[in-house]
Amino acid sequence: MSLLIKNGTVVSDGQRKKTNIYCNDGVIKAIGNDLDVPSNTQVIDANGQYVMPGGIDPHTHMQLPFMGTVASEDFYTGTAAGLAGGTTMIIDFVIPGPQQNIMEAYNQWREWSEKSCSNYSFHVAITWWDETVKADMKTLVEEEGVNSFKHFMAYKGAIMADDEIMYNSFSRSLELGAIPTCHAENGEMVFQLQKQLLAQGITGPEGHPLSRPPAAEAEAANRAIKIADVIGVPVYLVHVSTEDALNEITQARNNGQRVYGECLAGHLLVDESVYQDTNFESAAAHVMSPPFRSPEHQTALWKGLQSGNLQTTATDHCCFCADQKAVGKDDFSKIPNGTAGIEDRMAVLWTHGVSTGKLTPEEFVDITSTNAAKIFNIHPRKGSIQVGSDADIVVWDPELSKTISAKTHHQNIDFNIFEGMQVKGLPSHTICNGVLKYANGTLMAEKGSGQYIKRPAFQPVFDALGKIAKANKPEAVKR
Ligand code: DUC
Ligand code: ZN
Ligand code: ZN
């Protein structure tokens with residue numbers, strides 16, 4: 001199947017140029033003004049529009065079994081909603097239960113994800129430790145194309161990774177050429193605060209942010225960064241939601257440490273006042289971790305994106321409907337944590353980032369696609385419009401507008417945290433693996449058409465880092 005996207009302004013890798021793109025067999029085959037293409041080529045006229053690498057959401061949880069229930073959005077509906085919003089690839093998470101065999105969990109997630117209609121890949125969470133986990137990490141990196149391991153520093157008694165697990169897993173990641181990632185919240189502090197608040201009679205969703213203060217995130221961010229520094233491995237912090245955690249990242253980066261930060265569209269645009277809503281359903285629908293924060297933190301996160309100290313944007317797309325959230329009616333700590341956003345991420349970032357002048361279109365491409373591809377080692381195959389790159393492309397109409405609503409979204413959830421928000425700047429067409437999947441409001445998502453994307457280990461960089469780490473070991477210094 002061949003496709004020509006003509007007359008668009010191509011934005012990729014920091015550059016902008018009006019040109020044409022020819023795709024065949026899922027790959028970008030030619031870029032230029034006078035392309036000679038077969039007569040049966042499908043043509044999209046992108047005049048007046050931007051043509052950009054398809055969005056990569058590096059943080060989603062489709063059909064996640066979590067807190068006694070299962071996320072309502074599965075790999076088919078979730079990736080379809082992503083395509084409607086211009087996102088052509090997700091990186092989801094395999095999360096083994098305590099003591100569950102890592103490969104068994106990985107194979108289970110691979111089976112669930114076969115119905116994806118966009119491209120997908122997996123971070124694998126390290127939730128416990130022994131020699132089998134160590135061996136399985138090698139299999140995952142060398143045979144399955146997993147180059148990132150996730151550590152939940154929260155969720156005590158369930159999937160929380162303590163310092164011992166993190167030290168072992170970070171060290172193993174360095175050996176294997178993988179990058180550790182962390183959900184940075186001090187799980188013990190959260191657990192103690194939840195108990196205290198409930199004992200004081202604070203049982204509603206307003207207790208959720210009180211149990212997860214900014215300091216709990218900052219402490220964990222600092223700890224993860226310091227453990228990574230001692231080991232000499234890069235680290236990626238998911239869903240940075242506070243100025244405090246951002247400051248930890250900035251300070252480490254200023255010291256030359258390879259630390260990366262992700263922020264969520266939700267944290268940029270929704271503030272903590274949502275937890276004061278006296279309507280339980282609405283307040284509970286916003287319960288996610290880390291929680292939405294005060295406007296001061298939101299301002300800091302935008303600055304983090306502008307300064308480059310935060311490199312990626314994601315959604316933590318994890319859907320629970322009202323009946324699922326109702327389990328926590330009398331105890332906020334039981335409300336399944338999670339909110340949606342995969343369909344809206346790019347539109348809300350364009351509207352509030354590019355249209356306000358905070359971000360250029362080039363920076364928008366970096367934070368919605370290219371930087372994730374680079375950090376997770378799939379650039380320029382993904383996150384780029386170059387000859388030879390995969391044909392994952394979004395044609396972006398800066399004049400298209402809509403009002404976001406749960407009544408009209410494709411996401412399989414009965415609530416939208418951006419409900420009522422007017423967005424201007426939307427995809428007119430989404431192309432995934434060279435095939436048109438969304439065109440002018442019509443979704444053509446085909447179950448199972450997405451590809452699993454292997455991500456290679458980071459050998460060259462990590463070899464150098466390993467040497468630096470060894471040189472800094474105390475015994476080497478003594479000699
Ligand atoms: N936070 C959420 O809100 N949901 C899923 C997991 C997480 O860390
Ligand atoms: Zn998390
Ligand atoms: Zn998450």
Side-chain angles (χ1 to χ4, degrees), residues 56-75 78 90-97 109 120-127 148-161 166 180-187 190-191 194 205 207-209 211-212 214 216-217 220-221 224 235-242 245 260-267 270 272 274-275 283-293 312-321 324-325 327-328 332-342 345 372 376 411 413 415 417:
I56 299 174
D57 187 337
H59 188 154
T60 65
H61 301 281
M62 304 304 172
Q63 71 189 76
L64 175 70
F66 191 54
M67 296 182 75
T69 184
V70 179
S72 58
E73 185 92 281
D74 69 21
F75 280 89
I90 59 168
I91 314 183
D92 206 274
F93 294 82
V94 173
I95 308 182
W109 258 267
Y120 59 100
S121 195
F122 286 109
H123 312 280
V124 174
I126 300 302
T127 52
S148 50
F149 292 100
K150 168 81 175 281
H151 306 81
F152 286 92
M153 299 172 79
Y155 303 114
K156 180 179 148 116
I159 53 176
M160 185 168 99
M166 285 170 53
T181 78
C182 289
H183 168 135
E185 281 186 301
N186 181 314
V190 172
F191 177 72
Q194 285 174 335
H208 178 68
S211 69
R212 311 186 91 103
E217 182 176 331
V235 67
Y236 176 95
L237 301 189
V238 306
H239 52 42
V240 175
S241 74
T242 60
Y260 304 103
E262 162 195 288
C263 72
L264 306 184
H267 282 133
V270 178
E272 63 186 359
V274 292
Y275 299 116
H286 290 93
V287 166
M288 63 141 333
S289 296
F292 297 118
R293 305 291 192 183
T312 62
T313 56
T315 56
D316 205 354
H317 187 83
C318 187
C319 299
F320 299 107
C321 293
Q324 296 174 287
K325 295 269 182 181
V327 171
F332 68 83
S333 72
K334 294 198 167 65
I335 301 171
N337 284 204
T339 54
I342 191 167
R345 177 184 66 127
F376 296 110
Q411 301 171 139
I413 181 171
F415 195 87
I417 56 169

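Read the numbers this way: they start at 1 and go in the same order the structure lists the ligands and their atoms.
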When you check the side-chain N and O atoms of Ser241 and Arg293, is any donor under 3.5 Å from an acceptor? yes
Establish, from distance only, whether the side-chain atoms of His123 and Ser148 form a donor-acceptor pair under 3.5 Å. yes
If the cut-off is 4.0 Å to any non-hydrogen atom of [X], which atoms of ligand 1 fall inside it?
X	answer
Phe152	8 (O)
Gly338	3 (O), 4 (N)
Met288	3 (O)

For the atom pair [atom1] ([X]) and [atom2] ([Y]), what is the distance rounded to the nearest 0.5 Å?
X	Y	atom1	atom2	result
Thr313	Asp57	OG1	CG	7.5 Å
Cys319	Met62	SG	CE	7.0 Å
Cys182	His239	SG	NE2	10.5 Å

To check your reading of the model: name the closest protein heavy atom to [atom], its residue, and the distance in Å.
atom	answer
atom 1 (N) of ligand 1	Ser289 O, 3.0 Å
atom 7 (C) of ligand 1	Tyr155 OH, 3.2 Å
atom 4 (N) of ligand 1	Asn337 O, 2.9 Å

Please confirm whether the backbone N or O of [Y] pairs with a side-chain atom of [X], one donor and one acceptor, at under 3.5 Å?
X	Y	answer
His317	Ile342	yes
His286	Pro205	no
Glu217	Pro214	no

I'd like to check whether His183 has a polar contact with ligand 1, where a contact means an N/O of the residue lying under 3.5 Å from an N/O of the ligand. yes
Is the distance from the ring center of Tyr155 to that of Phe66 below 6.0 Å? yes
Strictly under 2.8 Å, how many protein N, O or S atoms lie near the Zn ion (ligand 2)? Waters don't count. 2
Please state which part of Thr339 comes within less than 4.0 Å of ligand 1, counting heavy atoms only: side chain, backbone, both or neither. neither
Which atom, counting only N, O or S, brings His61 closest to the Zn ion (ligand 3)? NE2
Please report the shortest heavy-atom distance between Phe376 and Pro58, naming the atom on each side. CE1-CB, 4.2 Å
